[in-house]
Amino acid sequence: MARVYTFSAGPSMLPEEVLKIAAGEMLDYHGCGQSVMEMSHRSKVFDEIIKTAETLLRELMNIPDNYKVLFLQGGASAQFSAIPLNFMNGSGKADYIITGQWAKKAYQEAQKYGSVRAVASSADKTFSYIPKTTREDFDPEADYVYICMNNTIYGTVYHELPDTGDIPLIADISSCFLSEPLDVSRFAMLYGGAQKNVAPAGLVIAIIREDMLGKARDITPTMMNYQIMAENNSLYNTPPCYTIYICKLVLDWIKSIGGLSAMRERNVRKAELLYNYLDSSKLFRGTVVPEDRSLMNVPFVTDSDDLNAKFVKEAEKEGFVNLKGHRTVGGMRASIYNAMPYEGVEKLVAFMKKFEEENL
Ligand SMILES: *Cc1c(COP(=O)(O)O)cnc(C)c1O
């Protein structure tokens, strides 16, 4: 079967170049006579893989030296508890902005550990926009402010960061990781699950400013203690070795196309093609206010549930898969992460035009 275009929100497409390299190296990695899946995580060969991955990530994201890079497990969702356990230890207070389901889950989890406030929310309009905040909205005593940078389900993104003054800012960047340049120094911590834009499932990458470390509560599970993970260079226990290896290949690929500025250009070009069509269509429309639109996740609808279902079904037959919107919002969603080629979006738009002509 020919490869389909998968618009899945995650796990999602990986660059074909990367899959081919991985296939070629499957049985014998660089002449060592074994697969990366089979080798010890303490071996010299694997040590080079994880170190190279970190070096490449630091280079691509321009990560300052006073930040640690951690390769973790448990999914982005495990960090919803790890973050309060590690950081909510001054005043025991934290401020969250609720921009969708992932932010809300993080907020609810944090409530188990301290006094947590929802500073702003866009729930009133099905999370179709990013609520505006000013520095005065935040509690100066808060141990941190938490945001979800790109809202995978609803298709919004922070184009401008909230001004939190001196309060450490923490962001979940799962669905916009490495999609465009980001000023790491604005954050106390960035983290994301790798399965959207960086690697297969099983890996979380956290980037943490060093002064944030060493304050974890005594009850923090060892596996969730960022300080311990940092002291052990992410090798406290067995890391997800093969996923880290694919991550390294993806980072090589991003570097080869020119880094994050080039990545952004590609992503803008793809997203504009789709948004421009949605804005001109008489059948489909985007659901997010134009100023907060994500480059990665593009939700859209027709005015009929039946037509939505018909579209998803017919698209699948044509090789455009996973276009169904999240179960909590319905409609459609095209996730067009880094690995989605321009051609994939171009063909999807051509198919949508045809569907519009036939069904209007
Ligand atoms: C997918 C996603 C998550 C959840 O990731 P898991 O690794 O499945 O826990 C959290 N936040 C955002 C923004 C996501 O897109």
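What you see below is based on every heavy atom in this structure, not just the backbone, and it leaves out hydrogens, waters and symmetry mates. Just so it is clear, the structure is predicted and the values come from calculations on it, not from any experiment.
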Next item on the list: Can you run down the ring pair (Phe, Tyr, Trp, His ring centres under 6.0 Å) pairs that involve residues 111-143, sequence neighbours left out, and say none if there aren't any?
Entry: F127-Y154
Note to self: Under the ring pair (Phe, Tyr, Trp, His ring centres under 6.0 Å) definition, can you give me all pairs with a residue in residues 233-272, not counting sequence neighbours?
What the structure shows: Y29-Y245, Y242-Y245
Are [X] and [Y] side-chain neighbours, meaning at least one heavy-atom pair lies under 4.5 Å?
X	Y	result
S128	T287	no
F187	I170	no
L348	F7	yes
S234	P239	no
W102	T152	yes
T220	R217	yes
L203	Q73	no

Donor-acceptor under 3.5 Å ([X] side chain, [Y] main chain):
X	Y	answer
S12	A9	no
D163	G165	yes
N197	F177	yes

Once you round to the nearest 0.5 Å, how far does [atom1] of [X] lie from [atom2] of [Y]?
X	Y	atom1	atom2	result
I83	M212	CD1	CE	9.0 Å
N322	T6	CG	OG1	4.5 Å
T126	I153	OG1	CD1	12.5 Å
F87	D143	CZ	CG	10.5 Å
N232	N225	CG	CG	10.0 Å
M224	S81	CE	OG	4.5 Å

Would [X] end up clustered with [Y] when hydrophobic side chains under 4.5 Å apart are linked, directly or stepwise?
X	Y	answer
I207	Y144	no
M229	L85	no
M340	L273	yes

Does [atom1] in [X] sit with more than 12 non-hydrogen atoms of other residues, nucleotides or ligands closer than 6.0 Å?
X	atom1	answer
N359	CG	yes
D183	CG	yes
E160	CD	no
R42	CZ	yes
K93	NZ	yes
L27	CG	no

Pairing of [X] and [Y] as salt bridge, 4.0 angstrom limit:
X	Y	answer
R285	D303	yes
K353	E357	no
K20	E16	yes
K51	D47	yes
K112	E109	yes
E48	K44	no

For the student: nearest non-hydrogen atoms of [X] and [Y], plus distance:
X	Y	answer
V301	G331	CG1-CA, 3.9 Å
V18	L249	CG2-O, 3.6 Å
I208	M189	CG1-CG, 3.8 Å
A334	L274	CB-CD2, 4.0 Å
R58	P64	NH1-O, 3.5 Å
A94	A142	CA-CB, 4.2 Å

Check: So Y337 and N297, side-chain hydrogen bond (donor to acceptor under 3.5 Å, both in side chains) or not? Walk me through it.
Finding: CA-CA 8 Å; Y337 295 117; N297 311 97; 3.0 Å; yes
Next item on the list: Determine, step by step, whether K105 and D172 satisfy the salt bridge (Lys or Arg N to Asp or Glu O under 4.0 Å) criterion, reporting the C-alpha distance in whole Å, the side-chain angles of both residues, the deciding distance to 0.1 Å, and the verdict.
Entry: CA-CA 12 Å; K105 282 190 169 165; D172 174 355; over 6 Å; no
Next item on the list: Determine whether the side chains of H159 and E291 contain a donor N or O and an acceptor N or O closer than 3.5 Å.
Entry: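 The criterion, which ignores hydrogens and geometry beyond distance, is not satisfied for E291 and H159.
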Parallel, tilted or perpendicular, judged at 30° and 60°: which one describes the rings of [X] and [Y]?
X	Y	result
F80	Y191	perpendicular
F300	F284	perpendicular
Y107	Y96	tilted

Check: Any side-chain hydrogen bond (donor to acceptor under 3.5 Å, both in side chains) pairs touching residues 59-69, not counting sequence neighbours?
Finding: E59-K255
Item checked: Criterion side-chain hydrogen bond (donor to acceptor under 3.5 Å, both in side chains) on N267 and S179, from CA distance to verdict -> CA-CA 7 Å; N267 288 331; S179 62; 4.9 Å; no
Checklist line | Centroid-centroid distance, F320 to F351, less than 6.0 Å | finding: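 Ring-ring flag for F320/F351: true, centres closer than 6.0 Å.
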Next item on the list: Assess whether side-chain hydrogen bond (donor to acceptor under 3.5 Å, both in side chains) is satisfied between E272 and Y277, documenting all intermediate values.
Entry: CA-CA 8 Å; E272 274 182 353; Y277 167 64; over 6 Å; no
